[in-house]
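What follows is one structure encoded as structure tokens, with my remarks underneath.
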Amino acid sequence: MGRFETTVEFYGYREPYPGQFFETVASRLGLTPQTRLLDIGCGPGNLVIGFAPYLGTCTAIDREPEMLRAAKQAALAAGVTISFIENAIEDLPADNNSFDLVTVGRALHWLQREETIAIFDNIVAPGGHIAVCGTVASSEAASEWDKPYREVRRTWSGEHDESRYRVDLEKWFAPSRFRKLEEINVEHRHWVSVEHLVKRMLSYSTVSPAVIGDKQPQFEADIRRTLEPFAKDGLLEEDLIVKATVFG
């Protein structure tokens with residue numbers, strides 16, 4: 001079983017990439033029908049499907065078969081054409097200048113840096129970009145329910161040091177030919193239910209159903225107890241900064 005196999009059905013509950021984010025990035029980077037995109041660690045396809053209407057050819061790669069199966073279904077439902085590759089990026093045959101834009105979502109911390117940088121050096125066309133995308137809670141949200149919510153994950157996973165997930169992007173790219181060009185931030189506010197956040201928690205590999213096992217009912221109850229004091233009619237307001245850090 002792959003590390004993320006039991007998380008696939010819950011990935012749709014992760015923090016969203018709103019339409020305004022894709023529109024803003026597409027405008028700032030000048031994406032056109034000639035732009036060739038590769039999405040690394042595509043998961044269920046949230047990033048590549050969002051960018052697909054703004055560019056030409058789309059390719060997505062992931063090593064988890066169940067994630068790719070979900071991504072293919074989502075692409076079909078969205079009416080976009082994407083080529084999917086089941087592989088690790090480190091094992092991708094590198095054709096020179098294959099892509100104008102490479103996107104990486106919540107996956108950079110899983111990649112082998114030296115091998116991945118070597119691939120980037122080969123596949124990113126001259127003048128091309130790498131966009132590392134993700135979401136962070138605004139300071140307002142982080143001071144309320146977000147911090148105790150994350151503490152539940154740390155407690156149950158046993159990973160009290162989550163430094164793996166806090167990547168210094170400029171340091172990560174330092175050995176490569178790529179340098180930070182800009183950071184594109186889009187603010188997004190929406191309401192999310194307690195039950196939605198319970199399912200979101202199960203999308204993390206460190207507290208997946210495979211990891212939690214038969215303690216899942218207690219785990220879910222712990223999440224609910226933590227969030228309910230902050231909820232209004234079962235809902236919480238989530239303030240996000242959705243960002244793309246662009247290297248070129």
Side-chain angles (χ1 to χ4, degrees), residues 3-4 6-22 24-25 41 43-47 50 67 103-110 131-172 183-212 215-245:
R3 182 183 182 94
F4 296 93
T6 61
T7 70
V8 174
E9 65 178 291
F10 303 109
Y11 248 70
Y13 297 95
R14 287 283 185 100
E15 296 91 336
Y17 292 106
Q20 184 187 358
F21 169 74
F22 297 109
T24 301
V25 174
N46 297 346
L47 268 181
M67 285 291 188
T103 54
V104 188
R106 304 174 178 100
L108 194 70
H109 54 279
W110 295 115
V132 182
C133 305
T135 58
V136 295
S138 72
S139 58
E140 179 181 353
S143 66
E144 298 178 351
W145 62 265
D146 185 72
K147 284 183 178 179
Y149 176 66
R150 292 176 184 273
E151 186 60 34
V152 173
R153 184 176 74 185
R154 284 193 290 269
T155 299
W156 279 81
S157 71
E159 285 195 8
H160 296 286
D161 178 12
E162 295 191 333
S163 58
R164 162 192 283 274
Y165 307 105
R166 297 187 293 273
V167 178
D168 183 328
L169 295 180
E170 292 186 73
K171 183 178 179 180
W172 199 94
E183 187 170 278
I184 302 170
N185 293 327
V186 173
E187 294 184 3
H188 179 66
R189 174 177 293 179
H190 68 144
W191 289 90
V192 61
S193 71
V194 169
E195 292 307 309
H196 184 112
L197 291 168
V198 170
K199 292 180 172 65
R200 180 186 294 178
M201 187 74 81
L202 292 168
S203 74
Y204 296 108
S205 63
T206 56
V207 285
S208 68
V211 172
I212 298 300
K215 294 182 179 179
Q216 186 172 330
Q218 298 98 298
F219 176 54
E220 293 185 11
D222 194 10
I223 302 169
R224 293 186 184 98
R225 279 194 300 270
T226 298
L227 293 176
E228 282 168 357
F230 302 97
K232 298 177 182 178
D233 298 323
L235 298 174
L236 301 99
E237 190 172 44
E238 183 168 41
D239 294 324
L240 298 172
I241 298 174
V242 189
K243 59 174 56 184
T245 306

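Taking a 6.0 Å sphere around CD of Glu228, one finds it holds more than 12 heavy atoms contributed by other residues, nucleotides or ligands. Atom CD of Gln20 has 12 or fewer heavy atoms from other residues, nucleotides or ligands within 6.0 Å.
Proximity of Pro16 to Val242: side-chain heavy atoms (C-beta onward) are nowhere separated by under 4.5 Å. Contact annotation: the side chain of Ile212 never approaches that of Glu220 to less than 4.5 Å [non-hydrogen atoms, C-beta and beyond]. Inter-residue side-chain proximity for Val186 and Tyr17 is flagged as unmet; no heavy-atom pair is nearer than 4.5 Å. Contact check for Thr135 versus Arg106: side-chain heavy atoms found under the 4.5 Å cut-off. Within the 4.5 Å cutoff, the side chain of Asp222 has no heavy atoms near those of the Thr155 side chain. Side-chain contact check for Asn46 versus Pro44: some heavy-atom pair is nearer than 4.5 Å. Considering only heavy atoms from C-beta on, Leu47 comes within 4.5 Å of Phe22 through its side chain. Between Glu187 and Ser138, every side-chain heavy-atom pair lies at or beyond the 4.5 Å cut-off.
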- [ ] Decide yes or no on side-chain contact (heavy atoms from CB on, under 4.5 Å) for Lys243 and Glu183, but give the supporting numbers first.
- [x] CA-CA 7 Å; Lys243 59 174 56 184; Glu183 187 170 278; 3.4 Å; yes
- [ ] Just do the side-chain contact (heavy atoms from CB on, under 4.5 Å) check on Asp239 and His188 with the steps written out, would you?
- [x] CA-CA 6 Å; Asp239 294 324; His188 179 66; over 6 Å; no
- [ ] Would you sort out whether Phe230 and Val194 count as a side-chain contact (heavy atoms from CB on, under 4.5 Å), showing the intermediate values?
- [x] CA-CA 10 Å; Phe230 302 97; Val194 169; over 6 Å; no
Open item on the list: For Glu238 and Arg189: C-alpha separation, side-chain torsions, deciding distance, then whether salt bridge (Lys or Arg N to Asp or Glu O under 4.0 Å) applies.
Closed with: CA-CA 6 Å; Glu238 183 168 41; Arg189 174 177 293 179; over 6 Å; no
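Note: Trp145 and Tyr149 have perpendicular aromatic rings, judged against thresholds of 30 and 60 degrees for the angle between ring planes. Relative ring orientation between Tyr13 and His196 is described as perpendicular, the plane-to-plane angle rising above 60° on a 0-90° scale split at 30° and 60°.
For the atom pair Leu197 CG and Leu227 CG, the distance stands at 5.5 Å (nearest 0.5 Å). Rounding to the nearest 0.5 angstrom, the gap separating the NE2 atom in His190 from the CG atom in Leu240 is 5.0 Å. Rounding to the nearest 0.5 angstrom, the gap separating the CG atom in Asn185 from the OG1 atom in Thr24 is 10.5 Å. Interatomic distance, CG of Leu236 versus CG of Asp146, reported as 10.5 Å (0.5 Å rounding). For the atom pair NZ (Lys147) and CZ (Arg150), the distance works out to 11.0 Å, reported to the nearest 0.5 Å.
Across Met201 and Val207, no two heavy atoms sit closer than the pair O-CG2, 3.3 Å. Closest heavy-atom contact between Thr6 and Pro209: O-CD, 3.5 Å. Closest of all the heavy-atom pairs between Thr7 and Leu202 is CG2-O, 3.8 Å. Taking each heavy atom of Val211 and Thr206 in turn, the nearest pair found is CG1-O, 3.3 Å.
A salt bridge between Arg224 and Glu195 is present, with a side-chain N of the basic residue lying under 4.0 Å from a carboxylate O of the acidic one. In this structure, Glu15 pairs ionically with Arg200, as a charged nitrogen and a carboxylate oxygen lie closer than 4.0 Å.
Not one N or O on the side chain of Ser208 forms a donor-acceptor pair closer than 3.5 Å with the backbone of Tyr204. For the pair Arg14 (side chain) and Ser203 (backbone), a donor-acceptor distance under 3.5 Å is present.
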